[in-house]
Amino acid sequence: MDLKKEAQENFITKIINEDNNTGKWGKRVHTRFPPEPNGYLHIGHAKSICLNFGIAKKYNGKCNLRFDDTNPLKEEVEYVESIIDDVKWLGFKWDGKPLYASDYFDKMFDYAVELIKQGNAYVCDLSSDEVRNQRGTLTKPGIESPFRNRSVSENLELFSRMRAGKFQDGEKTLRAKIDVQHSNLNMRDPVMYRILHAEHHRTGNTWCIYPMYDWAHGLEDSIENITHSICTLEFEDHRPLYDWYLNCLNAYHPQQIEFARLNLNYTIMSKRKLKRLVDEGHVDDWSDPRMPTISGLRRRGYTPESIKNFSDAIGVTKRDAIVDVAKLENSLREDLNKKAPRVMGVLEPIKVIITNYPDNEIEYLDAKNNPEDESAGKRKLAFSKEIFIDKNDFMEDPPKKFFRLSPGKEVRLKFAYYIVCENVIKDGNGEITEIHCSYDPNTKGGMSEDGRKVRGTLHWVSAQECIKAEVRLYDRLFMSDNPENNGDFIDDLNPESLSVIKKAKLEASLSTASTKTIYQFERTGYFIIDSKDSSVDNLIFNRAVSLRDSWARLNR
RNA sequence: UGGGGCGUCGUCUAAUGGUAGGACACCUGGUUUUGGUCCAGGCAGUUGGGGUUCGAGUCCCUACGCCCCAGCCA
């Protein structure tokens, strides 16, 4: 995809275009990406990141990275660090330093005092159970708290004692005084502050009261002079509250806009559930290559470009949608096809002996590094009497359309020679141990001068000059397209999501493979060195995605 | 059954009231030293019913379907 291409228009850019026309924000565009540091970012966050940072870029505006760290019980430094890494890796730059909601705790407190003075907030002694019981239901209105009509001075006094740590957790809350009968439950005197004697990863023990999301978020946006506060659909019901707070305070008032979060089939996207996969050991960790986390995708071999292109391709709307994970895979293949260096890698080696090739001879043949990119150049490939090919490239008794090697058939060894299969050697169990072939010396380089054609072209490595490696093949983590559909998603885990090949044979050049480049193993797929477990003594490659395989499709 | 949203090919997404288009997936064929890529083509859609209009995916009414909300989570 053309990287200079402007991101596609969507309903949000239409709003912004209109705002720029009317001069609503003085042609200023300032967004923010506001993750809570309570887990690792996933591909759904990537959509939001691309949206927010993408819009800022498109309109020459700004985008803040802001941690919404208002709940010390769930948040950790490990998460903020991983989030910073992930956003950087995706290639986005935020305006200034990373920001934190916790930096505004003082201001928020002052604003709360302001609200109390207006008579728009009160300290409530009800327990959480009592509040729940009095809130009413979807169809029944709530009833007012007996503490709703405390005087301003009493509220002020109690609120400052809350802050001073005079009360236990849950003993009191500060609530907005709105309307307990409101049809929108969020407006039924929502809690603004709760008491939490917990250590915060940034403010330590400075605070024992912490602001709730609805109270905090609009203030954060307001303080940062955000113009368009983009969030997901489930916050639509919260917008009246977002607006109510900012209106009461007569503060700078950004516009909240909601869009549909990303869903992928065969994938779960909830941080809570992903955390469970990690905690219960169903996967390595947050960066397991089977995880939909950004760090998982990175370790798997996804590129930032592929993720950005994917994000662009799926669009932005308000409809709940489930995107086919094949579309993500397509974005990766599309990107890698252009830039991945080609190499030879035999996953399930079976030995081929070229009977008429001289013993102990090694020749070095030219191989193109990338047919899609001439500038990638060529390399030398060792060829010898004994080579390995992939098990599934040979069939003793093949079906009609099998173009690969079988008794009596001639195929091309890519960049090397044509060979014909003459004999098959088996062990006592009937397992094939060697395939004997003869080669045609006049087909050096893989082309016959007499114009004779072969249907099959195989990848191979020299048995003399090759290296051994572990290869990890990944399949989808879940068996059904909607793992959360019925029952516990853990029961839907795919037992074959990872298959490990211990003794793959790779071309020798891979002994110095770069940990950053993603290689195409010819005819197989795209692979990257595993950033966590691979070492010089024990090379490990992860398969990012297989090549499209119309032969396999034909056999389904 | 309160409130807030949303309904366009299998999937995702476009269409100032004016030929329903693109991508993914799938299927054909061609090219090919990757059964890859690329190229050409095909399949396939406006939730239903009324209305307004010369003309409706778009406007109106109505029915139906789906999603979200009863945390001192975000």
Side-chain angles (χ1 to χ4, degrees), chain A residues 8-10 34-36 38 68-71 73-75 124 126-129 131-133 135-142 169-175 182-188 190-196 209-210 212-214 216-217 231-240 258 260 262 265 271-272 310 313-331 333-334 337-338 342 367-368 371-372 401-404 412-416 418 443 445-447 453-459 481 520-525 546-554:
Chain A
Q8 238 211 305
E9 294 288 335
N10 55 56
E36 184 191 13
N38 66 343
D68 208 358
D69 55 350
T70 57
N71 184 355
L73 266 21
K74 293 186 177 174
E75 296 150 10
C124 181
L126 258 25
S127 70
S128 57
D129 282 346
V131 170
R132 190 182 336 113
N133 291 331
R135 186 161 28 227
T137 67
L138 295 179
T139 50
K140 262 179 264 156
D169 286 4
E171 201 177 328
K172 287 184 167 34
T173 55
L174 182 72
R175 292 226 262 163
H182 202 108
S183 55
N184 180 342
L185 295 268
N186 294 127
M187 302 295 272
R188 320 242 261 227
V191 171
M192 295 165 61
Y193 278 94
R194 75 283 216 187
I195 299 172
L196 245 35
I209 57 172
Y210 291 92
M212 297 289 290
Y213 169 85
D214 289 300
H217 205 87
C231 62
T232 44
L233 250 31
E234 68 270 26
F235 291 104
E236 220 148 13
D237 292 356
H238 294 244
R239 180 158 25 94
E258 310 85 12
L262 171 68
N265 56 13
K271 267 197 266 185
R272 208 191 89 247
F310 169 74
I314 57 175
V316 181
T317 67
K318 291 184 73 114
R319 300 181 212 153
D320 285 308
I322 302 173
V323 176
D324 191 342
V325 70
K327 195 146 188 159
L328 213 210
E329 295 174 344
N330 176 262
S331 298
R333 290 194 186 102
E334 188 179 50
N337 176 53
K338 290 179 304 187
R342 271 61 169 174
K368 275 189 181 179
E372 302 293 315
K401 290 197 170 173
F402 188 79
F403 304 146
R404 282 108 101 141
R412 169 191 295 117
L413 293 176
K414 187 157 187 169
F415 303 131
Y418 287 9
T443 56
M447 189 51 111
K453 289 205 169 128
V454 289
R455 289 299 295 271
T457 300
L458 310 188
H459 60 283
D481 61 350
Q520 184 195 102
F521 289 8
E522 295 254 12
R523 304 207 307 132
T524 302
S546 66
L547 248 33
R548 237 189 232 100
D549 188 347
S550 55
W551 169 241
R553 210 182 302 146
L554 211 132

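Below, chains carry the letters A, B, ... as their sequence lines are ordered, and counting in each starts from 1. Note that this is a predicted model, so its numbers are computed, not measured.
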Pair of N/O donor and acceptor under 3.5 Å linking [N] base with [X] side chain:
X: Asn184(A); N: rG4(B); answer: no
X: Arg342(A); N: rU34(B); answer: yes
X: Arg455(A); N: rU32(B); answer: no

Side chain to side chain contact (heavy atoms under 4.5 Å, CB included) partners of Lys271(A), counting only residues at least two apart
Glu36(A), Asn38(A), His42(A), His45(A)

Can you work out whether Glu236(A) or Glu522(A) has the more 5'-proximal nearest nucleotide on RNA chain B?
Glu236(A)

Identify, between Asn330(A) and Gly170(A), the residue whose nearest nucleotide on RNA chain B lies closer to the 5' end.
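The residue mapped nearer the 5' terminus is Asn330(A).
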
Dot-bracket for RNA chain B, please. Rules: Watson-Crick or G-U, both distances under 3.5 Å, ( ) within the strand, [ ] when a pair crosses earlier ones, | for another strand, . otherwise.
.((((((..((((....[..)))).(((((.......)))))....(((((..]....))))))))))).....

Going by ring centres under 5.5 Å and near-parallel planes (under 30°), is Tyr213(A) stacked on rA74(B)?
no

Mind checking what makes side-chain hydrogen bond (donor to acceptor under 3.5 Å, both in side chains) contact with Asp68(A), not counting sequence neighbours?
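With sequence neighbours excluded, Asp68(A) shows a side-chain hydrogen bond (donor to acceptor under 3.5 Å, both in side chains) to His217(A), given in chain and number order.
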
Would you indicate what [X] reaches in the nucleic acid, counting non-hydrogen atoms under 4.0 angstrom: base, sugar-phosphate, or nothing?
X: Leu126(A); value: base
X: Leu413(A); value: nothing
X: Lys401(A); value: base

Rounding to an integer number of angstrom, what distance separates rG42(B) and rG50(B) when you compare their P atoms?
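Going atom to atom, P in each nucleotide, I get 33 Å.
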
Starting from C1' on rU1(B), measure out to NZ on Lys140(A) and report it in whole angstrom.
12 Å

Which heavy atom in Thr137(A) sits nearest to a heavy atom in Arg188(A), and how many Å separate them?
O-NH2, 2.7 Å

Any donor-acceptor pair under 3.5 Å from Thr173(A) side chain to Val191(A) backbone
no

